[in-house]
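For reference, the structure discussed in these notes is given below.
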Amino acid sequence: MSIEIKTTSIEPLRHTFSNVAARLGVDKPASRYQEATFDLQPTVNFHYRPTWDPDFELFDERRTAIRMQDWYTFRDPRQFYYGTWTITRSRQQEVAERNFGFVEKRNLLDTVSKEGKAKAAEILLPLRHLEYAANLNNCYITAYGSGTAITQATSFNAIDRLGIAQYLSRLGLLLDGNSGQALDQAKQDWMQSGHWQPLRELAETTLVTKDWFELYVAQNVVLDGLLYPLIYERFDAAMAPEAGSTFSMLMEFQNEWYADTTRWVDATIKTAVAESDQNREQIASWTHDWMQRCSAALGPVADRALGENQGAAVLDELRDALAQRLEKKAGLSL
Amino acid sequence: MSAKRMNLREKYQRMTRDLAWKPSYQSEDDIFPQAKYEGIIIHDWDKWEDPFRLTVDAYWKYQAEKERKLYAIIEAFAQNNAQLNVTDARYINALKLFLTGVTPLEYAAHRGFAMSGRNFPGAGPQVSSQFQSIDELRHAQTQIHTISHYNKYFNGFHDWRHMHDRVWYLSVPKSFFDDAMSAGPFEFVTAISFSFEYVLTNLLFMPFMSGAAYNDDMATVTFGFSAQSDESRHMTLGLEVIKFMLEQDERNVPIVQKWIDKWFWRGYRLLALVSMMMDYMLPKRVMSWQEAWEMYFEENGGALFEDLARYGIRMPKYWEVSVKEKNRLSHEVWSVFYNYGHAAAIHTWMPDENEMAWLSEKYPETFDKYYRPRFDHWHKHQKKNGRWYNNTLPMLCQTCQIPMAFTEPDDPTQICYRSSDYEGMQYHFCSDGCKDIFDDEPEKFVQAWLPVHQIYQGNCGGASVPEVLEWYHLKHGQDNLEYLDSQDRANWLRWKGLTEKAEAVLQKAANE
Ligand SMILES: [Fe+2]
Ligand SMILES: [Fe+2]
């Protein structure tokens, strides 16, 4: 029996899932981002208390001091779900691949003085360890945070940070001709050199910070907000007379990454702050506190990177710039 | 300067574990507070063999390629209304079970592996866990996006997330994952990566994905195969975790064996839902549950455990019971769903004559003897007096949460009941396997959110069926009840151009 299908009669019964329609206020076609995000994390009827934290439910909003009526008020302006995230990053990694290839093929590092290379190695390579801490911190937020709107973005961020640690490692291997000596030296500095110790201590403090939203503020807002401009703008510019754009090319991924990540970080803080005065005060106090700690920890590194006694002044500027950014983009005044 | 060549292993080492350092400002116990409390002893995290050596840039590259292909197919599927190509609208119910029962588990795995990715003290297992975590998010989201199109044309999908946390049979998968996630990182990975992904995954994915292929559901086949390429990485992680624990200290062996016993039985009971899907819900069948169990568990699993014998690991406890049950399991479970089809977000039905013949052929010792007479009776009842539903609430097993319908291992005519007393209360179980799991951790399993208890306690919207269904967000007359009288079927007939038949179905449903 052959069956004629009259396609005109095939009308959808509904346009999206009920929970999505409820959030949109009407049953209409929803975006992939919306369907992939809303309500994914369970919130009720958990079966067993976690043996590792029996005072809380498996997922529990009380794991942070921040309070939200609805954790899906948060939006990622990049609209990243897994598909859009990987596709975006794969394009950026193609560029990074081309850049590394270009520097290698043209032997561009040979045009940089020995001192220039040593400086780059000294400042950039220990940061791979700091990125590893950033990876674990965003992984922590992914594990214990509230609402997929935030936790999926932090899970992408965690992998991104591992990727950045790996790009920095590649830079090291490029500098030492794959001997690994530069990376070993950098690790030794990270473990022992006086000017890295405050930053390592800070990293270890973030690894024991329990409130996941505080950790978000410490890592993604403040530490990144000072470190990325310091290294990828100021230090990069300071290297330019010596190295031309060679290092900028090898750090292009970080620059682009920081630009899109900042949009998301600002949007997240803006939403949390707009929710209540209590959130606003809590976030302002965390930001203030971590501003002090992070700039103190970055001081010695800034001095090494930019020249003796330059660090403090630059960090003052970067702190002001970050405060202004948060005021302007996130509505947070300190 | 000419660069030295680095081998892959050395390079990967530089890209992952070399990033970690031994902390001195904070104690390792404070940074990794979950590392020791399960009793697993690890002497040297560096002995961990990375099961796959994948850097992040390569990961983005491969995965983006797969995503581009997958979304192109999903897009085309929707444009062409290719849902009309499936063998029969009854098939869609397998997908409903998948979205409401399995997709939330993919998401739970995403969060669970984020937990182990943060809590293992070694960078090797951290990174492996983190890649799996992000893959599992991929699985959840690609499934939602694929099935989103089906949701537009069929009932039962529309509030899958809400239902997963409430509906009686969905507490079976939910409690399974809650159990794993509320354990520590070692037990979690043993449960999910080893027992579930390594030992049992073929019994979850094969039935759904081959089922989709046999029933011409190309969208599901596509996300299935795309996910499968991640799965091979996950399976190697499962085996590596087990071997690592066993090699590190022999005091780990009894703990690991206990977890293998527990999670084999937990996983096997969860697969009971898959067994009924295979034998009853696919209009075009792939193989019987019994055949699948023989091939994927008895043969493949048997070989695996022979291999693990050198570590002092034996076959999971009660595996013999699973073999004794293999020619009854699916029939017993489908009977439960037929009984409670008014409270389920899938349609149920009696197999037709051809299907009954297939079941007799596949289950020669049991089907005609025990199940055909029961089905004939229900068939007759349906013809004469309308479809029958069971209005008394069933007793659930305290551990697996499936209604008590499984029979004694050595007597298919006797329902199997076991019980334990704990702090003055009596708890009931479907099997020795479930009882043992409870007895080992009663303080955990007494907490179970048992759907039937919850209804009795007034936590589910009320005491009557309509009130509970409303609380489930289950639309009565659309999402539930008999397939033959369903809106799904009427729509399907209409879309296939069989308008008169469609009218008759709607008429009949309206009269009831
Ligand atoms: Fe998966
Ligand atoms: Fe059970």
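Quick note on labels: first sequence line is chain A, next is B, and so on, each numbered from 1. Side chains are part of it too, since the values below use all heavy atoms of this structure and drop only hydrogens, waters and symmetry mates.
- With a threshold of 4.5 angstrom between heavy atoms, B/Q130 approaches chain A through its backbone and through its side chain.
- Residue contact with chain B, scored on non-hydrogen atoms closer than 4.5 Å, involves the backbone and the side chain of A/D184 alike.
- Only the side chain of A/L173 comes within less than 4.5 Å of a heavy atom in chain B; its backbone stays farther off.
- One finds a salt bridge joining A/E97 and A/R170 here, because a Lys/Arg side-chain nitrogen approaches an Asp/Glu carboxylate oxygen to under 4.0 Å.
- Side-chain contact between B/Y25 and A/T205 is absent, with no heavy atoms from C-beta onward closer than 4.5 Å.
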Full working for salt bridge (charged side-chain N to carboxylate O under 4.0 Å, His left out) between B/R14 and B/D18: CA-CA 5 Å; B/R14 287 291 185 185; B/D18 194 32; 2.8 Å; yes
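- Interface remark: B/K66 contributes no atoms to any contact with chain A (heavy atom separation under 4.5 Å).
- There is no side-chain donor-acceptor pair under 3.5 Å between A/T84 and A/Q79.
- The neighbour count for B/Y71 OH, taken as heavy atoms of other residues, nucleotides or ligands under 6.0 Å away, is above 12.
- When each of A/Q93, A/Q166, A/Q41 is scored by its heavy-atom pairs under 4.5 Å with chain B, the top score falls to A/Q166.
- Annotation: cation-pi geometry not satisfied between A/K210 and A/Y140 (NZ/CZ under 6.0 angstrom from ring centroid, within 45° of ring axis).
- Ranked by heavy-atom pairs under 4.5 Å with chain A, the list B/M115, B/K444, B/R118 is led by B/R118.
- Remark: aromatic rings of A/W212 and A/F59 are distant, center separation not under 6.0 Å.
- Ranked by non-hydrogen atom pairs under 4.5 Å with chain A, the options B/I31, B/N151, B/D159, B/T142 are led by B/N151.
- Residues satisfying the side-chain contact (heavy atoms from CB on, under 4.5 Å) criterion with B/K11, sequence neighbours excluded, are B/M6, B/M15.
- For B/Q401, the part sitting under 4.5 Å from any heavy atom of chain A is the side chain, from C-beta outward, and nothing else.
- For the options B/Q26, B/R5, B/E443, B/R166, heavy-atom pairs under 4.5 Å to chain A are most numerous at B/Q26.
- For the 3.5 Å distance criterion, the side chains of B/S226 and B/R138 qualify, holding a donor opposite an acceptor.
- Neither the backbone nor the side chain of B/V446 comes within contact range of chain A, judged by heavy atoms closer than 4.5 Å.
- For chain A, no part of B/H164 is nearby; none of its heavy atoms comes within less than 4.5 Å.
- Interface residue A/Y132: only side-chain heavy atoms are found under 4.5 Å from chain B.
- Side chains of A/Q181 and A/Q185: no donor on one and acceptor on the other come within 3.5 Å.
- A donor and an acceptor atom, one from each side chain of A/E35 and A/Y81, are nowhere located under 3.5 Å apart.
- A salt bridge between A/E204 and A/R200 is present, with a side-chain N of the basic residue lying under 4.0 Å from a carboxylate O of the acidic one.
- Interface remark: of the candidates B/D165, B/L70, B/I134, B/D30, B/I134 forms the most heavy-atom pairs closer than 4.5 Å to chain A.
- Of the two parts of A/T16, only the backbone, made up of N, CA, C and O, holds a non-hydrogen atom closer than 4.5 Å to a non-hydrogen atom of chain B.
- A/H15 touches chain B through its backbone: at least one of N, CA, C or O sits under 4.5 Å from a heavy atom, while the side chain does not.
- Heavy-atom distances place both the backbone and the side chain of B/A20 under 4.5 Å from chain A.
- In summary, the aromatic rings of B/Y150 and B/W160 are positioned with their centroids too far apart to meet the 6.0 Å limit.
- If you measure heavy-atom distances from A/Q197 to chain B, the contacts under 4.5 Å come from both the backbone and the side chain.
- The contact between A/Y167 and chain B is made entirely by side chain atoms (from C-beta outward), counting heavy-atom distances below 4.5 Å.
- Between A/E256 and A/R91 no salt bridge is recorded (no basic side-chain N to carboxylate O distance below 4.0 Å).
- Using modelled atom types, one finds a donor on one side chain and an acceptor on the other under 3.5 Å when comparing A/N45 with B/W449.
- Most heavy-atom pairs under 4.5 Å with chain B: of the set A/D53, A/T43, A/T86, A/N178, this distinction falls to A/N178.
- B/D57 and B/T55 are linked by a side-chain donor-acceptor pair at a separation below 3.5 angstrom, with hydrogens and angles left out of the test.
- Neither the backbone nor the side chain of B/Q454 comes within contact range of chain A, judged by heavy atoms closer than 4.5 Å.
- Using cut-offs of 30° and 60° on the angle between ring planes, the pair B/F154 and B/W492 is tilted.
- In this structure, a donor-acceptor pair under 3.5 Å is present between the side chains of B/T103 and B/Q143.
- Residue contact with chain A, scored on non-hydrogen atoms closer than 4.5 Å, is absent for B/S116.
- Judged by distance alone, the side chains of A/R14 and B/N155 do bring a donor and an acceptor atom under 3.5 Å apart.
- Considering only heavy-atom pairs separated by less than 4.5 Å from chain A, the leading option among B/F113, B/Y153, B/W60 is B/W60.
- Heavy-atom proximity under 4.5 angstrom to chain B picks out A/S155, A/F156, A/I159, A/D160, A/L162, A/G163 from residues 154-163 of chain A.
- Chain A forms more heavy-atom pairs under 4.5 Å with one residue of B/Q34, B/Q487, B/H149 than with any other, namely B/Q34.
- Residue contact with chain A, scored on non-hydrogen atoms closer than 4.5 Å, is absent for B/H162.
- Interface summary for chain B: among A/P50, A/A143, A/G180, the most heavy-atom pairs under 4.5 angstrom belong to A/A143.
- For B/P185, no part lies near chain A; criterion is any non-hydrogen pair under 4.5 Å.
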